[in-house]
Chemist: 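Handing you a structure now.
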Amino acid sequence: MKYYVVFLFLCLYVCLSAQVQSDYFQVQQGSEHSGKYRSVLTSDIDTTWDKWQLRGYQYGFNPATTPMYSMVNGILATPYMIQVRGNADEAGRKRWGYHVFEGFARDDVSRITMLVNKHEEEGRPVAEMYYYGAKYGHSDGTYNWFRIGSDVRQHSFMFSRDRAIFYGSLKLHNALTLGKLGSDNLLAEAPEGDDEKNYDASAKHVNYLSLKESEDGTIFYDKDRNIVVIKVEGEWMKVAVEPLPDGVDYDF
């Protein structure tokens, strides 16, 4: 009798395992004429998952349409490459429909993020990378420094939402254009509400603060007066310019 019971449980286990494998792990034919196969891993949708209550998990997702997180309890390595592909239903699969990579910090809240196609600026789609802090929103204080070039203090190049600090030298292979600032793109008061929604007014306020809080050596082009201005010993001064020498005429 006990062997019969064991056999029934074994059959039940095999059936359930086959069903799980059928629902969540599949082996599909690769292409019509190749005879090769590929594996497909699928997760289900579970709106009752307890971690959907945590903002770091559900922020920007819809638990009713987002497949569950699949956990890999080990190091993921491949001799090939990792791809995140576009999808017609990206809003239900990527955070906000844009994020393609997230790496969480020790607090399990702040993260580095890479996203694509949230914005289009200067006539082209934009890819964006940043270190998102423990706050939520789009204020300057929400974003931490993102260093590129090394992990050495006071070296390389750091970026936050509205500032970049270059500890290393800058060598250009093309022209340098100064910021053109004037009355139409400076705003003394910060706009109310979210900076992403009020991006134009917020950018003008950032311009204003960059001049208001500037240090000696700050230089910009005053487009209201058509002069180059630099701060020296706490005072703004006009940079002297003069016409090109006789016989010098740039052909552009």
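Fair warning: this is a prediction, and the values are worked out from it, not measured in the lab.
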Chemist: Does Met114 offer a backbone N or O that forms a donor-acceptor pair with the side chain of His99 under 3.5 Å?
Modeler: no
Chemist: Got a donor-acceptor contact below 3.5 angstrom from the Asp140 side chain to the Arg163 backbone?
Modeler: no
Chemist: Hey, is CG on Leu172 packed in by over 12 heavy atoms from elsewhere, all under 6.0 Å?
Modeler: yes
Chemist: Apart from Ile82 itself, what residues make up its hydrophobic cluster when side-chain heavy atoms of I, L, V, M, F, W and Y under 4.5 Å apart count as a link, directly or indirectly?
Modeler: none
Chemist: If you round to the nearest 0.5 Å, how far is CZ of Arg147 from CZ of Phe157?
Modeler: 11.0 Å
Chemist: Does a side-chain heavy-atom distance below 4.5 Å link Lys94 with Val100?
Modeler: yes
Chemist: Rounded to the nearest 0.5 Å, how far does CZ of Arg95 lie from CZ of Phe61?
Modeler: 4.5 Å
Chemist: If you link ILVMFWY side chains whenever their heavy atoms are less than 4.5 Å apart, which other residues fall into the same cluster as Tyr221? By chain and number, please.
Modeler: Leu178, Ile219, Val228, Ile230, Val232, Met237, Val239
Chemist: Within this structure, what is the CD-NZ distance for the pair Glu120 and Lys118, rounded to the nearest 0.5 Å?
Modeler: 15.0 Å
Chemist: Can you see which heavy atom on Pro67 is nearest to which on Thr65, and at what distance?
Modeler: CD-O, 3.5 Å
Chemist: Apply salt bridge (charged side-chain N to carboxylate O under 4.0 Å, His left out) to Arg225 and list each qualifying residue two or more places apart in sequence or on a separate chain.
Modeler: Asp222
Chemist: To the nearest 0.5 Å, what is the distance between CZ (Phe146) and OG (Ser160)?
Modeler: 12.5 Å
Chemist: Any chance you could measure Gln29, atom CD, to Lys36, atom NZ, to the nearest 0.5 Å?
Modeler: 11.5 Å
Chemist: Between Leu211 and Asn207, is there a side-chain heavy-atom distance shorter than 4.5 Å?
Modeler: no
Chemist: Going by the rule salt bridge (charged side-chain N to carboxylate O under 4.0 Å, His left out), which residues pair with Asp184 if we only count those two or more places apart in sequence or in a different chain?
Modeler: Lys223
Chemist: Please tell me whether Met68 and Tyr57 are part of a single hydrophobic cluster in this structure, the criterion being side-chain heavy atoms less than 4.5 Å apart.
Modeler: yes
Chemist: In the structure I gave you, are the side-chain heavy atoms of Phe166 and Phe159 within less than 4.5 Å of one another anywhere?
Modeler: yes
Chemist: Within a radius of less than 6.0 Å around CD of Glu189, do more than 12 heavy atoms belonging to other residues, nucleotides or ligands occur?
Modeler: no
Chemist: Kindly write out the residues that satisfy side chain to side chain donor-acceptor pair (under 3.5 Å) with Ser43, not counting sequence neighbours, or none if the list is empty.
Modeler: none
Chemist: Donor-acceptor pair, distance only, cut-off 3.5 Å: does the side chain of His205 make one with the backbone of Ala203?
Modeler: no
Chemist: Taking a hydrophobic cluster as the set of Ile, Leu, Val, Met, Phe, Trp and Tyr residues connected by side-chain heavy atoms closer than 4.5 Å, whether directly or through intermediates, do Tyr199 and Leu115 fall within one such cluster?
Modeler: no
Chemist: Sequence neighbours left out, what passes ring-ring contact (aromatic ring centres under 6.0 Å, His included) with Tyr250? Give chain and number order.
Modeler: Phe252
Chemist: Considering all heavy atoms of both residues, which atom of Lys180 and which atom of Thr177 are nearest to each other, and what is their separation?
Modeler: NZ-CG2, 3.4 Å
Chemist: If you take all heavy atoms of Asp216 and Gly234, which pair is closest and at what distance?
Modeler: OD1-N, 2.8 Å
Chemist: Output the distance between atom CG (Asp195) and atom OG1 (Thr142), rounded to the nearest 0.5 Å.
Modeler: 8.5 Å
Chemist: Donor-acceptor check, side chain of Asn198 to backbone of Glu192, threshold 3.5 angstrom: yes or no?
Modeler: yes
Chemist: What is the ring orientation for Trp49 with Tyr69, classed by angle as parallel under 30°, tilted 30 to 60°, or perpendicular over 60°?
Modeler: tilted
Chemist: Looking at every heavy atom in both Asn117 and Pro125, which two are closest together, and how far apart are they?
Modeler: ND2-CB, 3.2 Å
Chemist: With Phe220, which residues qualify under ring-ring contact (aromatic ring centres under 6.0 Å, His included), at least two apart?
Modeler: Trp236
Chemist: Who passes side-chain contact (heavy atoms from CB on, under 4.5 Å) against Val206, sequence neighbours left out?
Modeler: Arg161, Asp162
Chemist: Apart from Val241 itself, which Ile, Leu, Val, Met, Phe, Trp or Tyr residues share its cluster (side-chain heavy atoms under 4.5 Å, direct or through members)?
Modeler: none
Chemist: If you link ILVMFWY side chains whenever their heavy atoms are less than 4.5 Å apart, which other residues fall into the same cluster as Trp145? By chain and number, please.
Modeler: Met158, Ile165, Tyr167
Chemist: Would you say Val152 and Ile148 are hydrophobically clustered, going by side-chain heavy atoms of ILVMFWY under 4.5 Å?
Modeler: no
Chemist: With the side chain counted from C-beta on, respond yes when Lys204 and Leu186 share a heavy-atom pair under 4.5 Å apart, and no when they do not.
Modeler: no
Chemist: Quick one: side chain to side chain donor-acceptor pair (under 3.5 Å) pairs with a partner in residues 121-136, sequence neighbours left out?
Modeler: His119-Glu128
Chemist: Identify the two heavy atoms, one from Asp107 and one from Val109, that lie closest to each other, and give their separation to 0.1 Å.
Modeler: OD1-N, 2.9 Å
Chemist: So, the side chain of Ser156 versus the backbone of Ser150: is there a donor-acceptor pair under 3.5 Å, distance only?
Modeler: yes
Chemist: So which heavy atom on Ser214 is nearest to which on Lys231, and how close?
Modeler: OG-NZ, 3.0 Å
Chemist: Mind checking what makes ring-ring contact (aromatic ring centres under 6.0 Å, His included) contact with Phe101, not counting sequence neighbours?
Modeler: none
Chemist: Spell out, yes or no, whether Val84 and Met129 are grouped together once hydrophobic residues are joined by side-chain heavy atoms under 4.5 Å, including indirect joins.
Modeler: yes
